[in-house]
2 protein chains.
Amino acid sequence: MADHNKRGDTIIRKLRENGHKITPQRLAIVKILAVSDGHPSVEDIYEQIRTDFPTMSLATVYRNILLLKSLGEVLELGFPDGSNRYDGNKPVPHPHVICIRCKKIVDPVLDSLDEMKKEVALETDFKILNHRLDFFGICSSCMAENK
Amino acid sequence: MADHNKRGDTIIRKLRENGHKITPQRLAIVKILAVSDGHPSVEDIYEQIRTDFPTMSLATVYRNILLLKSLGEVLELGFPDGSNRYDGNKPVPHPHVICIRCKKIVDPVLDSLDEMKKEVALETDFKILNHRLDFFGICSSCMAENK
DNA sequence: ATGTTAAGTGATATTTATTATCATTTAATA
DNA sequence: TATTAAATGATAATAAATATCACTTAACAT
Ligand SMILES: [Zn+2]
Ligand SMILES: [Zn+2]
Ligand SMILES: [Zn+2]
Ligand SMILES: [Zn+2]
């Protein structure tokens, strides 16, 4: 597969615009986050890169995620159990569905979201700025395995 | 105001049923959680009780919350910033609206929730078991203060 | 190409919230 | 009132994320 990593290019451009250097370590982290296949954790990213980049430090992964968060280019999903997962592909808040077995995370399209937002504002008189909507369950492939 | 703390009584009964002792410390923690005014944090509970119970240990608050969680009598709300808040009044999952200024947390009634649950199941083929729906914004009183 | 320099990295120390440990105390029952 | 398992208080241990700092390097100018 070719290297037309559009989302990755956008992130790199944003980094340059803000005067940040493009190091090999940073580039490797961005590439993974731009895809965000399954919404990787810090450890996922670290392990993926370490295979062909043995000198990579865990601190560098943390630092770069922090930077990308501050630029609004990655969405952090902190879970109640303390684990964190990242979405650099779609960095604006959106609902997530998490499989509690295999830890897969998917992005559902929910038409009912707009209505719910309206209802929240109406019900509470809050000025809503952000949201975090997570549904936990078991994915179809884990369900099939079970039998 | 009188002491018809229905929710607190339910929690105490559940504790007795499961063979747990009712200590003064435990009772004080349960009383606060049963009301869950604004969804208190561990520190909130600790400070509230310490005023007229100076010997109270922070570990005891943690221990009792752990126990009440295991009995399904308190809902833990862990937030991305690492903070935790508790609802012992309505211990089943429900949406929350959080003021990012004063940290107040309220329970909105959202008719659109049922529809969204259906949509998630349909869209993703997951068997949904749990959810966590948070909306972040600024409450009306904080908005008023701002001007 | 080479040198310069501010930013980035790697290794490690620190921080902070929660859990574990353990000697002492106490609620529940007889 | 005595018995005993459970709970408490004080503190140690744990673990994930952040801070520190000496060394390295990407970006830019020459
Ligand atoms: Zn699964
Ligand atoms: Zn996502
Ligand atoms: Zn407020
Ligand atoms: Zn609540």
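Letters A, B, ... are given to chains in the order of the sequence lines, protein chains preceding strands, and every chain is numbered from 1. Remember, predicted model here, so these are calculated numbers, not experimental data.
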For DNA chain C, whose closest nucleotide is more 5', that of Pro24(B) or that of Leu67(A)? Leu67(A)
Would Ile128(A) and Lys117(A) count as a side chain to side chain contact (heavy atoms under 4.5 Å, CB included) here? Give the steps. CA-CA 8 Å; Ile128(A) 302 299; Lys117(A) 277 189 199 165; 5.8 Å; no
Rounded to whole Å, how long is the line connecting atom CD1 of Ile49(A) with atom C1' of dG8(C)? 15 Å
Do the non-hydrogen side-chain atoms of Met116(A) and Leu110(A) ever get within less than 4.5 Å of each other? no
Mind calculating the distance between CD1 (Ile22(A)) and C1' (dT9(C)) to the nearest angstrom? 15 Å
Partners meeting salt bridge (charged side-chain N to carboxylate O under 4.0 Å, His left out) with Lys103(B) (sequence neighbours left out): none
Test applied, side-chain contact (heavy atoms from CB on, under 4.5 Å); reference residue, Thr60(A); option that passes from Ile65(A), Ile29(A), Thr55(A): Ile29(A)
Looking at side-chain heavy atoms only, is the closest gap between His96(A) and Asp107(A) below 4.5 Å? yes
Rounded off to whole Å, could you give me the CG-to-C1' distance for the Leu66(A) and dA7(C) pair? 15 Å
Does anything in residues 10-21 of chain A reach DNA chain C, meaning a heavy atom under 4.0 Å, and if so which residues? His20(A), Lys21(A)
If we ignore angles and hydrogens, is there a donor and acceptor under 3.5 Å between the side chains of Asp134(B) and His131(A)? no
Where chain A begins and ends its contact with DNA chain D, read 5' to 3' at 4.0 Å from heavy atoms: dA16(D) to dA27(D)
Can you list everything that forms a salt bridge (charged side-chain N to carboxylate O under 4.0 Å, His left out) with Glu47(A)? Sequence neighbours excluded, please. Arg50(A)
A cation-pi test, strictly: NZ or CZ of Arg132(B) under 6.0 Å from the centre of the six-membered ring of Phe79(B) and no more than 45 degrees from its axis. Yes or no? yes
With a 4.0 Å limit, can you tell me whether Thr23(A) has a side-chain N or O closer than that to the phosphate oxygens OP1/OP2 of dG8(C)? no
Rounding to 10 degrees, work out the angle separating the end axes of the helix from dA1(C)-dT30(D) to dA30(C)-dT1(D) (five pairs an end). 30°
Test log, rule side chain to side chain donor-acceptor pair (under 3.5 Å), inputs Glu119(B) and Ser112(A): CA-CA 8 Å; Glu119(B) 210 183 353; Ser112(A) 50; 2.4 Å; yes
Nearest-angstrom distance from the residue atom CZ of Arg26(A) to P of dG8(C): 5 Å
Ile65(B) CD1 to dT18(C) P: how many Å, rounded? 9 Å
Check each residue of residues 33-45 of chain A for a non-hydrogen atom within less than 4.0 Å of any atom in DNA chain C, then write out the ones that pass by number, or none. none
Between Leu58(B) (CG) and dA17(C) (P), how many Å, whole number? 10 Å
Classify Thr55(A) by what it touches in the nucleic acid, base, sugar-phosphate, or nothing, heavy-atom distance under 4.0 Å. sugar-phosphate
Nearest-angstrom distance from the residue atom CZ of Arg50(A) to C1' of dA11(C): 14 Å
Exercise: do Thr10(B) and Arg7(B) side chains pair donor with acceptor under 3.5 Å: no
Are the side chains of Tyr86(B) and Val42(B) in touch, meaning some heavy atoms are under 4.5 Å apart? yes
Go through the steps for Leu67(A) and Arg26(A) under the test side chain to side chain contact (heavy atoms under 4.5 Å, CB included), then give the verdict. CA-CA 10 Å; Leu67(A) 173 62; Arg26(A) 179 162 288 167; 3.5 Å; yes
Classify Pro54(A) by what it touches in the nucleic acid, base, sugar-phosphate, or nothing, heavy-atom distance under 4.0 Å. nothing
Kindly indicate whether the side chain of Glu43(A), heavy atoms from C-beta on, has any atom under 4.5 Å from the side chain of Leu58(A). yes
For the NZ atom on Lys127(A), are there more than 12 heavy atoms of other groups (residues, nucleotides or ligands in this structure) within a distance under 6.0 Å? no
Would you mind classifying the nucleic acid contact of Arg63(B) as base, sugar-phosphate or nothing, using non-hydrogen atoms under 4.0 angstrom? base
